[in-house]
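To start, the structure itself, in structure tokens.
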Amino acid sequence: MAQELTVDVAIIGSGTAGMGAARAAQKYNASIALIEGAQYGTTCARVGCMPSKLLIAAAEAVHEIEKAHRFGIEVGKPRVDGRKVMARVRGERDRFVGFVLQAIDEDFPMVRKVRGNARFLDDHTLQISDGTIIRADRIVIATGSRPVAPKAWVEALGDRLIYNDHVFEWDDLPESVVAFGGGVIGLELAQALHRLGVRVRLFGKDGAVGPLSDPDVRAAAADIFKAELPFHPDADVRVISREGDEVVVRFLDHDGQEKTERFQWLLAATGRVPNIDNLGLENTSLPRDARGVPSFCRSTGQIGDSHVFIAGDANAEVALLHEAADEGKIAGDNAGRYPDVRERPRRAGISVVFSDPQIAIAGWSRQEIDAREIDYEFGEVMFTGQGRSRVMLRNKGMLRVYGQHGTGLFLGAEMVGPAAEHIAHLLSWAKQAGLTVQEMLDSPFYHPVVEEGVRTALRVLARKLRMGPVPVEQCLDCGPGG
Ligand SMILES: Cc1cc2nc3c(=O)[nH]c(=O)nc-3n(C[C@H](O)[C@H](O)[C@H](O)COP(=O)(O)OP(=O)(O)OC[C@H]3O[C@@H](n4cnc5c(N)ncnc54)[C@H](O)[C@@H]3O)c2cc1C
């Protein structure tokens with residue numbers, strides 16, 4: 001006899017968004033079921049943000065040593081012990097996962113934890129894979145996303161085709177990897193593996209470099225990464241096949257010659273899809289868009305005017321950790337207080353790629369500004385000659401800042417360059433505060449810092465908006481190298 005359960009709120013998925021939703025909903029003394037179909041621990045801690053940054057940290061250590069001779073310091077060629085690198089990645093990853101498991105155990109005493117995959121039978125009824133039926137007054141979908149690769153690769157390559165999840169399970173570093181996907185995950189992992197001594201080739205599509213949308217910033221980024229590793233942002237790959245335990249790739253090289261190379265693994269970083277296709281949404285009356293994604297309100301998480309809410313990667317909007325956390329909180333709060341659904345303000349945009357140099361978008365990207373048909377200008381700075389960046393031998397890349405004609409409002413920025421993770425915070429806070437370009441220029445800038453480059457770009461922007469003077473070239477009284 002299948003078990004039956006009736007709750008006020010059912011939450012499908014116990015990742016970052018699901019846990020946030022449970023935390024918010026339990027404030028309303030609601031009876032809650034938190035349903036998890038796979039492992040506890042979250043994508044972020046297990047196979048996402050944290051293990052990728054651990055791998056990158058090891059790669060940066062090698063890179064700094066290799067670079068030391070440019071400061072006049074000779075340390076010899078570093079030897080990478082792949083087993084030790086992966087042991088640290090997995091060990092620290094397990095520590096982070098451990099904190100999540102502890103939170104699942106300790107932070108939700110009143111929440112009923114259900115194991116198994118959930119599917120909608122109708123608007124209020126879920127069936128769990130073991131047959132359990134859950135009737136819920138309100139439901140939060142927080143099912144995350146999963147990586148995908150073209151079907152032909154799956155069939156041709158079998159177990160030689162891997163995703164990010166597999167990388168963080170390695171005991172040792174492999175000899176070679178061909179990575180597909182010039183987006184965030186492909187770029188981060190390919191560069192890190194390359195720096196750790198793995199023979200890597202990275203193929204992208206349509207010129208994409210991370211999330212950059214400004215064609216000039218994107219071109220600058222492509223040039224930087226192409227100079228360091230074999231990277232084809234607009235790849236022409238002729239054949240991908242498997243011979244024995246090797247992946248064989250035939251492609252057109254930068255010189256226009258056809259080339260064949262063999263690799264141990266093909267790492268597919270070719271995109272992620274929301275986990276909504278096996279949810280039985282067709283059994284509900286929930287409105288969905290052409291892709292089958294539930295139509296929801298970004299300020300409430302509510303799907304249509306229903307009792308169902310959606311949060312995190314599952315909504316196919318912005319697949320970032322802090323967005324998943326915010327959306328989980330909003331959806332859970334509204335599921336708890338339903339039908340008194342409240343709109344919550346969303347934060348200004350920020351996204352960072354932990355490549356070297358880092359890539360970042362703060363506020364609106366150029367593409368988002370274009371879509372809004374705003375009358376705008378951009379100011380820019382190249383980091384090649386920027387004082388502090390040069391001091392640190394990190395003088396690569398460029399920053400573009402965008403501002404609105406008439407109002408002088410700061411709209412957003414795209415960059416590849418030094419300290420991008422920090423500059424992106426500064427700029428997204430400015431966007432959220434609704435600052436004008438002039439107000440930003442009136443704010444303090446220390447010397448000598450990379451942020452002086454931001455000031456240069458803002459000065460150029462103010463001038464182009466016809467709101468400021470012609471910037472002084474090589475302004476030494478502003479600080480050498482500013
Ligand atoms: C390699 C990589 C690096 C990343 N790096 C960063 C970074 O540096 N910064 C950043 O901001 N973001 C990063 N991200 C993105 C970030 O990890 C995600 O946006 C975030 O973890 C999504 O959280 P979530 O709660 O939506 O999904 P998840 O944490 O994936 O949770 C979803 C849960 O739902 C469960 N589930 C699915 N379907 C069902 C079902 N039918 N029934 C029951 N349970 C179900 C799943 O098993 C899973 O546990 C990275 C992602 C990857 C893959």
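Remember, it's 1-based here, ligands and their atoms both numbered in the order they're listed.
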Is there a donor in the side chain of [X] and an acceptor in the side chain of [Y], or the other way round, less than 3.5 Å apart?
X	Y	answer
Glu414	Ser213	yes
Glu246	Gln264	no
Thr300	Asn334	no

### Task
For the pair Trp265 and Trp170, name the ring-plane relationship: parallel under 30°, tilted 30 to 60°, perpendicular over 60°.
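Ring orientation of Trp265 relative to Trp170: tilted.
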### Message
Please check if the number of heavy atoms outside Asp289 that lie under 6.0 Å from its CG is greater than 12.
### Response
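Check passes, neighbour count above 12.
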### Task
Identify, chain by chain and in numerical order, each protein residue with a heavy atom under 4.0 Å from an atom of ligand 1.
Ile12, Gly13, Ser14, Gly15, Thr16, Ala17, Ile35, Glu36, Gly37, Ala38, Gln39, Thr42, Thr43, Cys44, Val47, Gly48, Cys49, Ser52, Lys53, Gly116, Asn117, Ala118, Ala142, Thr143, Gly144, Asn164, Ile185, Arg272, Leu279, Gly312, Asp313, Ala319, Leu320, Leu321, Ala324, Phe354
### Query
Which side chain to side chain donor-acceptor pair (under 3.5 Å) pairs, counting each pair once, include a residue from residues 421-435, with sequence neighbours left out?
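Output for this query lists Gln358-Glu421.
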